[in-house]
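This report refers to the structure that appears directly beneath it.
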Amino acid sequence: MTSYRFAVNVTPKPGILDPQGRAVEGSLDHLGIEGVRSVRVGRRVELTVEAADETAARVVVERLASELLANPLIESYAIEAIGAVT
Amino acid sequence: MTSYRFAVNVTPKPGILDPQGRAVEGSLDHLGIEGVRSVRVGRRVELTVEAADETAARVVVERLASELLANPLIESYAIEAIGAVT
Amino acid sequence: MPALGIDPLHRRLGLTDDELRAIHERLGGREPNDLELAMFSVMWSEHCSYKSSKPLLRTLPTAGDGVVAGPGENAGVISLGDGLAVAFKIESHNHPSAVEPYQGAATGVGGILRDIFTMGARPIAVLDALRFGDPGDVHTRHLVDGVVRGVGGYGNCVGIPTVGGELVFDPSYQGNPLVNVMAIGLLDERRLTLAAAPGPGNLVVLFGSTTGRDGIGGASVLASATFTHDDPLKRPSVQVGDPFAEKLLIEASLELIDRGLVEGLQDLGAGGITCATSETADRAGTGIAVDLDAIPRREPDMEPFEVMISESQERMCAIVRPDRWEAVREVCERWGLPVAVIGRVTDDGDITVERDATELARVPAASLTSDAIVHERLGRAPEHRRNAPAPGVPLSPSDRLPERGMDPGAVLLVLVGSPNLASRRAVFEQYDSTVGADTVVGPGHGAAVLRIKGTTKAIVASTDGNQAVSAIDPYAGAAMSVAEATRNVSITGARPLGVTNCLNYGDPTRPEAFWQLSEGVRGLGDACRALGVPVTGGNVSLYNESPAGSIAPTPEIGVVGLLDDVNALVGPAFAADGDTIVLVGTATPGLSGSAYAALAGTAAEDGLPSLDLAREAAVQAFIREAIGRGLVASAQDVAGGGLAVALAECAMWGGRGAAVRVPTAMSPAVELFGESPSRIVVTVTPRFVPALVLLARQHGVPVETLGSVGGDRLVIQLVGSGATGASEERGSTVADELDVPMTALRHAWDNGLTRALGWED
Amino acid sequence: MPVRVGVVVFPGSNCDRDTLHALDLAGAEPVALWHESATLDGVAAVILPGGFAYGDYLRAGVIARFSPVMRAVAAFADDGGLVLGICNGFQVLAEAGLVPGALLRNRQLRFLGRDVHIAAERLDTPFTHALAAAGRPLRMPIAHGEGCYFADDSTLDALEADRQVLFRYVSAAGERAGEDDRDANPNGSLRAIAGVLNAGGNVAGLMPHPERASESILGSDAGAGIIRSLVDSAAHAAAGGRAVAVGAR
Ligand SMILES: Nc1ncnc2c1ncn2[C@@H]1O[C@H](COP(=O)(O)OP(=O)(O)O)[C@@H](O)[C@H]1O
Ligand SMILES: [Mg+2]
């Protein structure tokens, strides 16, 4: 068994209301920051999986992401291996 | 001016309690998922910056991340260029 | 001050050399080892030991009808009859909230809730008393937003309604906000559970969250040293609240108590395991042997001292008979909570910490709690007593504020729309105030009212703290705070049962600050004696100072009352057109400490209005009886902003105007906007007026008929000697008639707070 | 004999007691159903109450869907059993796909606890038949951070066509609220939708809290009609009647 560290990035689907992203854009003026646009706010979940090999590990993460971490109606996700293999 | 797309990954600092991560771990049994541990839940903010060059763009993102997106007391952040340059 | 490197450990832990000597005595002359020293440093912190305030607190009246548990327990408990009792307590989380407003406030709510259900009571309500600096300041706005989200984020999730509280802005809180939270619970008297560890051989069981490095040094360092924003050495590892874990903790704890499975129960707060074990052992005259490795950890390689003083949230400590351990384990595991036997009760009176059979620490339990050091601090009144409002408030009229001589209608609009008097809706809308389905009156209009299912009774609660008067006269300020909090309960028809209090003051080693504290406690005690309400508990928060200076002394008073028939409840809103408006009590001169003074500045000749405690008691007894007899349609006390604002509130809340004539012996400013206590605006169906007047005479309480309810304007005419010449002589040029459309009042009141905080979008 | 109506108790439910109390007032026999239980104890209808089922830090209602009791609830719903989700219960039903749509964070990103008015779109359902009239404003509290009803346009159109919109936010005077009407539709729900039905008409979810508005002493009893509708329908179902809404396809 090896440990694999992954990140699952969950972001609101295009076209879905993203009030958090709008809130960030709204506060740019106060900070005097310019030239920033199309802000989208999502979730990032990092986790470690014990598995025989990376493929097996990915299967687990895939399931977790699709069934729990993201709501397919409104969110899409991407899985990212972030090494830290032990 | 060019557009650069970045992601800012905000995660709870090590040692800081992460109730969200614990909640996910707690639900793994119900999902019948095994071998997953050290779940940390954070935010992922994707944004586009207009700037003369990537260095200039990074400066902006850096400021946004440190002053607005992350709470330095309990969160750390990492900046990631996700291309999509236009 | 020597550099940290060469500073001895005890000083770095916040202990003075004298205190180290006192520790030697407690240990029979022996040097404490580092672990023992860490345990002492937490337990002898101001926060846990009350080493500066204990001698003062002893003077408070604590006996009263039905008091089942008083100061010394996690919460006060008072019998309600029918085998029911109410548990209540207020506590501060000022410094953590200054560091991280969301988590500071959230964990403040969690902590006070644990004090309630530790007693066997199911929490039914939370009230939050908040104080900040200038609402226009960016940092203040950040604090307000975070604290309000934190209170809601925690309370909403555990499902306890937040039904009341306070939000006050005062320049003195700029560097040091106050977050005081009160919680109320209901219990079956037979379920009353105390935080004691009886029966050597019994097991010490820790359940709830695992133990991490949260808030290491939080209690000793954070809570007992002046907070300066950028001192990393004084910054704790921030405690993060987990309201879901708290919810599980509530249900599991109440089930354990219901089924009689625990001999004693104690929440873990400041001082963590050290505090919980030493307090419970000391109360029972026993000792506890802690098995360090049995304590479930969240993080690897924690130092023994870190485990012993960690302030990880959402943990409870139960004393359990060995034959009941299995049942206790089953309950905790069913609720998904980690649970472990972390030690056993002994008969040697010591707290010992063991790791695989080697003893790492041995300290007498009493030396950490009841026999902790007590300091007789020096108190001295300031040379010349400031006859002015709280520090920072303009001493002369300032341009952006209404000046004396302004049209009183305009002044009223400014007052009604000012940050301290405008509607708090934008804040309390972020709270779930109705979960539990018991909220009869939630936040917004005076005291909160919660019905008790299965009875006709209701609990009535209010928090009040008068920092503006306290800044000028800490004795009067504390007494007036008690008067106002109890009055707010009495005007609903309820009988105040008891007082809990949170004393927010400055550095007790400064003679003026300690004088303020002792005067505050004296005023608190005198007022409670005069009004016949016992002090059943509270909390002391000292060192509320920032580089900018000390906060205005803030005695925050929480009162719980009982309404025997919730259907007899009376509210502040004008109830019907044509009702007669009656003023109970009379104004006394003095504008200092008033909202008017804070806005318009005070004139040299202004003093404080006086408080006559006997009169206050009579006024409250009168209003309770009048309501009991069904004579009263509405009742509102005269407080912030004076009579004019009280009338405006009754009118706005009732959606009806009013026309009144106010007989005036003094300056119009005093008559309209003065905040002298012991006054109530009452409305009565005309035919009941004679009965009300007669009853008032019997109680020796002056009443005056002012006018009647109706119309869409608020019209106040001043008549009598003070109305014209007198006002100019007094230097006040406030004119004598006020006439404002209700729509204008409503607009000012509705939008004042969001505008001040820049929340409107 | 009073009809048995179940209230699911997740560890983080906090309106379960209120809901049991409201059912009791409505003349039902309230039955608490523990989240670990795989059966529904023979109840004639189920309410998923408000709260934070499993803390709900990740996304409201998401984890609850995998609990043993929810498998039983899904099966119960599949063969026509009556299920009502209130607030968090609505979020759980949506996450579990038992009702259409999703509940997003309130538009202004703040938790909102206050009274709103909703109106039933139709009375021919097991959840509304005891109400006095369609379109009449019913005042009751909301208390949620994620109550903004969302579905894509085609789904919304289909819901309207199939009459699956059960409640909408309205003004005190009863006019349908707009999507940016902060006052009447504070969470910004699309088409002011406060409650929906599944296609079978036997599962419904709504964000406001009828159980907190079922006694006049609490300021409103406008919610009692919804609870009573469910209890009557459950009794009818228990007596062997079919409890599916007339007209729902
Ligand atoms: N101002 C006060 N007046 C009366 N009792 C007080 C006051 N401050 C603290 N106490 C009592 O001292 C005991 C210890 O206070 P505290 O440490 O806040 O309790 P806890 O450890 O349960 O939070 C409590 O019973 C509390 O009621
Ligand atoms: Mg305690």
Side-chain angles (χ1 to χ4, degrees), chain A residues 4-31 33 36-51 57-80 82, chain D residues 53-67 70-71 74 90-112 144-156 158-159 179-180 182 185-193 196 205:
Chain A
Y4 303 86
R5 187 99 181 138
F6 291 92
V8 180
N9 297 322
V10 181
T11 42
K13 280 187 174 167
I16 302 291
L17 311 163
D18 177 18
Q20 298 189 76
R22 297 229 314 283
V24 171
E25 287 165 0
S27 50
L28 293 171
D29 296 357
H30 299 298
L31 287 161
I33 290 182
V36 174
R37 55 183 171 76
S38 339
V39 180
R40 306 289 282 172
V41 178
R43 267 187 309 281
R44 178 176 173 93
V45 182
E46 299 183 353
L47 50 99
T48 300
V49 187
E50 301 282 339
R58 268 187 186 275
V59 173
V60 173
V61 183
E62 188 56 52
R63 227 193 108 205
L64 200 59
S66 59
E67 293 189 6
L68 186 72
L69 304 180
N71 175 349
L73 273 183
I74 50 176
E75 297 165 324
S76 50
Y77 63 88
I79 296 174
E80 182 187 319
I82 48 178
Chain D
Y54 291 87
D56 289 15
Y57 300 114
L58 189 63
R59 214 171 50 246
V62 54
I63 292 174
R65 152 179 159 225
F66 300 99
S67 61
M70 280 309 291
R71 293 208 190 82
F90 185 12
Q91 295 163 334
V92 171
L93 289 174
E95 281 286 342
L98 292 174
V99 294
L103 292 141
L104 309 184
R105 286 188 69 181
N106 299 346
R107 292 261 184 123
Q108 58 275 68
L109 299 173
R110 293 183 186 276
F111 183 101
L112 283 170
H144 59 249
E146 299 175 29
C148 174
Y149 186 79
F150 174 88
D152 59 40
D153 285 323
S154 54
T155 310
L156 290 170
L159 291 181
E179 283 175 14
D180 318 311
R182 284 284 178 91
N185 177 10
N187 55 36
S189 290
L190 297 188
R191 304 195 191 181
I193 292 173
V196 296

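Values below: all heavy atoms of this structure, side chains included; hydrogens, waters and symmetry mates excluded. All chains are named by letter (A, B, ...) in the order of the sequence lines, taking the proteins before the strands, and each is independently numbered beginning at 1. No experiment lies behind these values; they were computed from the predicted model shown.
Listed here is the closest heavy atom pair of D/Leu58 and A/Arg43: O-NH1, 3.4 Å. Smallest separation of non-hydrogen atoms from A/Ile74 and D/Ala102: CG2-CB, 4.1 Å.
Heavy atoms closer than 4.5 Å to chain A are found in the side chain of D/Leu104, but not in its backbone. Only the side chain of D/Arg59 has a heavy atom closer than 4.5 Å to any heavy atom of chain A. Both the backbone and the side chain of A/Leu68 come within contact range of chain D, with heavy atoms under 4.5 Å apart.
With a 6.0 Å radius and a threshold of 12 heavy atoms from other residues, nucleotides or ligands, A/Arg58 has its CZ atom above the threshold.
Distance check, rounded to the nearest 0.5 Å: CD of D/Glu95 to CD of A/Glu67 gives 12.0 Å.
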